[in-house]
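In what follows, a single structure is set out as structure tokens and then discussed.
Naming: A, B, ... by sequence-line order, numbering from 1 per chain.
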Amino acid sequence: MVALFTLQDISVAYNKQNILKDFNLEIEKGKLVSLLGPSGCGKTTTLRLIAGFLQANDGKFLFKEKDYTKVPVNKRNFGFVFQNYALFPHLSIFDNIAFGLRLRKNSKTEIEKK
Amino acid sequence: MVWQKIKSKGVEVYAGKKSRIGPVYSPGVPFLLGPLLIISVTSFEGGNILKFPPEEFSLRWYENIFNVEMFLVAFKTSILVSLAGNLLALLLGVPAAYALSRFDFKGKSVINAFFVSPILIPGIVLGFAFLRYIVGTYQLPIYAALFVGHTVIMLPFIIRVISSSLSNFDFSIEEAAESLGASKLGTFFTVVLPNIKSGILAAVMIAFLESFNNVDISVYMTGPGVSTFPIQMLTYVENYFDPTISAISVLLMFITAFFMFIVERLMGLSYFTKR
């Protein structure tokens, strides 16, 4: 089966300290994968790399066999759940939920329905 | 409030008691407010000479402010320079404050110090430097020189206040907006700016006051026929000794107090004593 996500020889370093070095991971469609490890081992870094919040110093990230390494966050269409919820404090509950739908050009009736 | 450790039934608890520092600084209050009070009282003098205590009560010097044309012209110049300089300082200051708060990069502390340096350098020295280079070397017209000089003195206030506002901003909501499909620029305008708008408004007001009340830079920049309001006040004092200046001072005090009240309501003045 072809992997949905593929991390190839990924290396990430902060302040000359390696967080990930030649890291490889393949995740198939429909699989539930948990990343376990001690604090500072690179779990969050891996997730942030997949989401596009940070760029790898080296290596490739493939999604459905396409190179997503340089694709910006807003073009990836990946969901990301933040530890602190990351709600928009200046918006109402409705507008918080509608934020992404509006960016996807959903109609007003569609947004209200959802 | 001072916290004191008390042992109660074997459990250590902390109880607050009122600070005794109050009586130490209270004699300083009349020392600070006294001159302002005297100026305020003299503004109601009915005679032609500024004196304390006033011999008769009158509001004629308040009326006189609006009859002296040089004050009206200088007031317009000050407003124009402060607003235009404020706008440019905002355009430069908001991205600078954002970059300094959001990213870690080499030389960040040097850039930070560079932006704050106009506050640290004595105004009279900065004014002379501007005179030498802006007026002397580049020979800018008076309005342009005032505009550049006032932008430079407003920039540190804009950056500092907006940086304080951004220090409370949770940047993960910016990432959340991007992951939902918003571009970097779109995120800045739809998520970052609405959350720091009170900080921006406070920065605008403080910078405006700093520019409007400035003497040491303006005194080097002004020239024949163009003067700012505080410089015009100085010129007036040199030639006249009536209570018009007291009346203007009272109005300026009220305007400043009003602006600072709004800043306090928007952000709290404690922001400027932190960090």
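Nearest approach of P89(A) to I173(B), heavy atoms of both residues: CD-CD1, 3.6 Å. Between F99(A) and A182(B), the shortest heavy-atom distance links the atoms CE2-CB, 4.5 Å.
More than 12 heavy atoms of other residues, nucleotides or ligands lie within 6.0 Å of CZ in F82(A), so this atom counts as buried by the packing criterion. Atom CZ of F171(B) sits in a crowded spot, with more than 12 heavy atoms from other residues, nucleotides or ligands closer than 6.0 Å. Residue-environment remark: CG (L120(B)) exceeds the threshold of 12 foreign heavy atoms within 6.0 Å. Heavy atoms from other residues, nucleotides or ligands lying under 6.0 Å from CZ of F94(A) number more than 12.
With a threshold of 4.5 angstrom between heavy atoms, F78(A) approaches chain B through N, CA, C or O but not through any side-chain atom. Heavy atoms of L87(A) lying under 4.5 Å from chain B belong exclusively to its backbone.
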Across chain A and chain B, going purely by atom type as modelled, what donor-acceptor pairs are there at a distance under 3.5 Å?
residue, atom, partner, partner atom, Å
D170(B), OD2, N84(A), ND2, 2.8
S172(B), OG, N84(A), OD1, 3.4
S172(B), OG, N84(A), ND2, 3.1
E175(B), OE1, R48(A), NH1, 3.0
E175(B), OE2, R48(A), NH1, 3.4
E175(B), OE2, R48(A), NH2, 2.6
L180(B), O, R104(A), NH1, 2.9
T190(B), O, H90(A), NE2, 2.9
N195(B), ND2, H90(A), ND1, 3.0

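Of the listed residues P72(A), A51(A), G52(A), G100(A), the one with more heavy-atom pairs under 4.5 angstrom with chain B than any other is G100(A).
Residues of residues 249-258 of chain B never come within less than 4.5 angstrom of chain A, heavy atom to heavy atom.
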